[in-house]
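Structure, as structure tokens:
Worth knowing before you read on, the calculation uses all heavy atoms, side chains too, and leaves out hydrogens, waters and symmetry mates.
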Amino acid sequence: MGEVDPAFIQEPEHRPRISYIEGEGIPVIDLSPLHSPNDVSAFEGLVKEIGNACKDWGFFQVINHGVPLEKRQKIEKTSKRFFAQSLEEKRKVKKTEKLVLGYYDSEYTKNIRDWKEVFDFIIEEPTLFPNSHESANDKELAGWTNLWPEHPSEFREACQEYIQEMEKLAFKLMELVALSLGLPADRFHGFFKDQISYVRLNYYPICPFPHLALGLGRHKDSGAVTILGEDGVPGLEVKRRKNGEWVRVKHIPDAYIINIGDNIKVWSNDEYESVEHRVMVNSEKERYSYPFFLLPALSTVVEPLEELTNEQNPAKYRAYNWGEFISNRNQSNYQKQKVENLQISDFKISE
């Protein structure tokens with residue numbers, strides 16, 4: 001990845017600025033009330049904090065989250081060992097359009113190649129997924145299974161342990177989101193019975209032209225919630241709703257960065273926000289991160305929840321099939337497309 005390839009160069013209006021604004025206002029939320037259920041006042045305060053963060057930012061950080069530090073350290077260490085291997089070794093577990101899990105080093109976001117390498121693995125094996133982006137019916141489903149490298153030897157164990165911890169935290173967060181919307185804590189659980197959630201290990205190599213390229217181009221996450229762990233090298237930027245400014249997320253040791261995805265934006269009927277974000281690269285340090293994406297079952301029909309709509313606040317989105325939506329979106333990850341991929345704005349009801 002040392003050569004200047006035009007495929008990496010962002011359009012002038014989307015090129016990163018080397019100087020940046022640090023996002024001091026991004027909420028930092030202490031989840032310790034989850035571990036003290038008898039303190040009703042503290043728990044109610046936590047629920048309110050979650051709601052305000054989802055509404056005002058769509059992003060927040062959590063501390064005292066209950067994920068064991070050693071699990072995080074283990075995934076980070078083994079991730080670095082995996083990406084340090086030769087390209088030949090890594091490509092033994094390379095993903096393709098048909099083998100969609102494993103290692104990849106040429107992914108696109110909005111038709112511009114990202115300056116990164118990734119490794120994907122799912123939580124449930126096998127996970128059924130459409131063979132074609134044109135249909136999500138049962139006859140065209142394929143079974144996804146994880147591709148595990150031979151080296152490092154502890155890689156598979158570290159990944160499986162970590163994704164279990166991420167699932168537990170994700171469901172705690174979804175319960176808090178539900179309560180903050182005035183819904184029962186388990187309101188969203190049914191959508192994830194046959195979830196297609198996964199972890200992505202990201203490696204952002206040193207980049208000789210950080211003013212032209214991005215580690216990950218501007219985008220919104222299409223799922224429910226994303227839980228991001230990172231190695232301490234800054235890079236994640238969030239676009240503020242109120243003024244369109246890009247702000248850098250401040251690193252807090254052992255915290256997780258949480259962002260709301262399009263699923264929740266639609267379920268909440270725009271009460272909560274899914275915001276654009278991107279990843280910067282730099283010419284001095286490589287960067288590692290390991291996000292968990294909580295994604296509902298393929299059969300899910302995503303639409304504003306009935307409890308959150310009425311005559312005064314009618315549904316703002318048409319229902320869409322999640323399996324078909326995500327399959328269509330995935331097509332643009334592997335090659336440049338003639339048009340931008342499917343967005344939830346395509347299902348917005350005109351006022």
is_close_aromatic(F191, W322), centroid dist under 6.0 Å:
no
Should E276 and K220 count as an ion pair when the cut-off is N to O under 4.0 Å?
no
Charged tip of R240 within 45° of W57 ring normal and under 6.0 Å
yes
Do the side chains of E154 and R81 get close enough for a salt bridge, i.e. N-O under 4.0 angstrom?
yes
Testing the 3.5 Å rule here: is there a donor-acceptor pair between the side chains of D221 and H277?
yes
Do S345 and Q343 have side-chain N/O donor and acceptor atoms under 3.5 Å apart?
no
More than 12 non-hydrogen atoms from neighbouring residues, nucleotides or ligands closer than 6.0 Å to CD on E311, yes or no?
no
side-chain hydrogen bond (donor to acceptor under 3.5 Å, both in side chains) with Y317: which of D346, N269, D270?
D270
Using the salt bridge (Lys or Arg N to Asp or Glu O under 4.0 Å) rule, take E273 and K55 through it: C-alpha gap first, then chi angles, then the decisive distance, then the call.
CA-CA 6 Å; E273 188 56 51; K55 189 180 301 183; over 6 Å; no
Indicate, with yes or no, if the rings of Y272 and W267 have centres closer together than 6.0 Å.
no
Can you confirm whether K48 is buried at NZ, in the sense that more than 12 heavy atoms of other residues, nucleotides or ligands lie under 6.0 Å from that atom?
no
For the pair F155 and F82, name the ring-plane relationship: parallel under 30°, tilted 30 to 60°, perpendicular over 60°.
tilted
Check the orientation of Y288 and Y203. Use parallel for under 30°, tilted for 30 to 60°, and perpendicular for over 60°.
parallel
Apply the test ring-ring contact (aromatic ring centres under 6.0 Å, His included) to residues Y290 and Y162: give CA-CA distance (whole Å), side-chain angles for both, the deciding distance (0.1 Å), then the verdict.
CA-CA 10 Å; Y290 24 96; Y162 187 74; 5.8 Å; yes
Checking salt bridge (Lys or Arg N to Asp or Glu O under 4.0 Å) for the pair E89/K92: CA distance, chi angles, key distance, verdict?
CA-CA 6 Å; E89 190 67 28; K92 289 179 180 178; 3.1 Å; yes
Minimum heavy-atom separation for D114 to G217, with atom names?
OD1-N, 3.1 Å
Aromatic contact between Y320 and F325, with the criterion being ring centroids under 6.0 Å apart: yes or no?
yes
Just do the salt bridge (Lys or Arg N to Asp or Glu O under 4.0 Å) check on K74 and E157 with the steps written out, would you?
CA-CA 10 Å; K74 190 174 180 180; E157 179 183 77; 2.7 Å; yes
Aromatic ring pairing F171/H189, orientation class (parallel under 30°, perpendicular over 60°, tilted between)
perpendicular
With a cut-off of 6.0 Å (strictly less than), are more than 12 heavy atoms of other residues, nucleotides or ligands near CD of E70?
yes
